[in-house]
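To start, the structure under review is shown below, and the notes come after it.
Keep in mind that what you see is a predicted model, and the values were worked out from it rather than measured.
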Amino acid sequence: MGSAASQGARARANQMARNMQRNMDRMAEDNAGMVRDETALEVQRLFLKFLENFKPPEDLVDPLSSAGASEMDERSPYYYVEEVKCMMREQSTVIKFNWNHLIDPKFWGEDADAARRYQDLATLITQEYYRYDPYLCAAVQNFVRNHEPAYVRDKCASVEDKDFTIGIYNFPDQSTSA
């Protein structure tokens, strides 16, 4: 009987070890057990969607933008696709982003849902900019990868992709907030 009990105990111990290993593997796959910031991931998703879809009305073209196509290029109707082309011409990894595009309803015309959604996104980003900055940069990298995948690859590094950042102008001054 002793051997049957010890075999059962060994079987349970082996099963427990397999379960623990499976759980450890799952945790390793899920960013080494780190907690996922679901709100920040949603900010990233919405910001990427914004970059993909933003087309300013013809009468509201941004004079400060560097997103003008050269005479040889075919101009995209999507504003930030043109910004990516400009980044490439300048060999830059910084996308220039006009904050007014996100918050000003005049850029959204009659699409009240989009205006409200992007104003809510702007509020979140404004309240906790440093929390969301890495996710905004990841959205920029994904946006560039969607439109110019070869530009994302770092020619000097064998494995790493370029890091992209966002340069925001017309961002509200937080120093005067009470």
Side-chain angles (χ1 to χ4, degrees), residues 30-31 34-70 73-154 160-178:
D30 189 22
N31 294 325
M34 294 175 58
V35 176
R36 289 171 44 108
D37 189 340
E38 295 298 332
T39 303
L41 290 169
E42 183 64 9
V43 165
Q44 178 179 335
R45 187 190 70 75
L46 284 171
F47 190 67
L48 176 60
K49 184 177 180 178
F50 173 85
L51 292 172
E52 293 285 359
N53 295 311
F54 182 73
K55 291 192 284 187
E58 289 292 322
D59 60 329
L60 294 176
V61 174
D62 185 358
L64 295 177
S65 169
S66 54
S70 75
D73 292 336
E74 187 172 317
R75 191 161 174 86
S76 170
Y78 297 99
Y79 185 89
Y80 288 100
V81 170
E82 290 300 316
E83 281 293 335
V84 169
K85 290 178 186 178
C86 178
M87 281 175 38
M88 291 175 62
R89 281 192 304 274
E90 295 175 357
Q91 298 182 352
S92 173
T93 57
V94 179
I95 195 165
K96 296 171 187 138
F97 181 76
N98 183 347
W99 188 254
N100 288 335
H101 290 167
L102 199 58
I103 63 169
D104 196 333
K106 72 182 176 190
F107 288 108
W108 296 99
E110 306 213 2
D111 191 349
D113 287 339
R116 188 171 32 262
R117 180 175 49 250
Y118 293 128
Q119 285 176 342
D120 290 347
L121 175 61
T123 299
L124 274 175
I125 294 168
T126 304
Q127 289 172 346
E128 295 187 70
Y129 178 78
Y130 292 107
R131 173 184 174 187
Y132 299 124
D133 179 59
Y135 295 89
L136 298 174
C137 293
V140 170
Q141 184 179 47
N142 290 334
F143 179 67
V144 175
R145 182 178 285 116
N146 291 346
H147 295 278
E148 297 291 342
Y151 193 65
V152 175
R153 275 317 242 192
D154 190 341
E160 303 256 338
D161 287 342
K162 292 177 186 171
D163 289 325
F164 289 86
T165 57
I166 181 170
I168 302 174
Y169 58 100
N170 295 324
F171 194 74
D173 182 7
Q174 298 298 305
S175 64
T176 58
S177 301

Suppose we call two aromatic rings close when their centres sit under 6.0 Å apart. Are Y129 and F171 close by that rule?
yes
Can you classify the ring geometry of F97 versus W99 as parallel (below 30°), tilted (30 to 60°) or perpendicular (above 60°)?
perpendicular
Measure the CG-CG distance between N100 and N170 for me, rounded to the nearest 0.5 Å.
4.0 Å
Check the orientation of F54 and Y80. Use parallel for under 30°, tilted for 30 to 60°, and perpendicular for over 60°.
tilted
Using a 4.5 Å cut-off on heavy atoms from C-beta on, say whether the side chain of V81 contacts that of F143.
yes
Could you measure the distance from the CG atom of D37 to the CZ atom of R131? Nearest 0.5 Å is fine.
4.0 Å
Determine the sole option in E90, E82, E83 for which the salt bridge (charged side-chain N to carboxylate O under 4.0 Å, His left out) test with K96 is passed.
E90
Could you go through F164 and I95, starting from their C-alpha distance and side-chain angles, then the distance that decides it, and tell me whether this counts as side chain to side chain contact (heavy atoms under 4.5 Å, CB included)?
CA-CA 8 Å; F164 289 86; I95 195 165; over 6 Å; no
Indicate the atoms forming the closest heavy-atom contact of P56 with F107, along with that distance.
CB-CD2, 4.3 Å
Quick one: closest heavy-atom pair of V140 and T165, and the distance?
CG1-O, 4.2 Å
Output a table of donor-acceptor pairs, distance under 3.5 Å, between side-chain atoms of residues 114-122 and any protein atom two or more places apart or on a different chain; print 'none' if there are none.
from : atom 1 : to   : atom 2 : distance (Å)
R116 : NH2    : D113 : OD1    : 2.8
Q119 : NE2    : I103 : O      : 2.9

When you check the side-chain N and O atoms of H147 and Y78, is any donor under 3.5 Å from an acceptor?
no
So, for N146 and E52, which heavy atoms are closest and what is the spacing to 0.1 Å?
ND2-OE2, 2.8 Å
Tell me, yes or no, whether the heavy-atom count around E38 atom CD, taken from other residues, nucleotides or ligands under 6.0 Å, exceeds 12.
yes
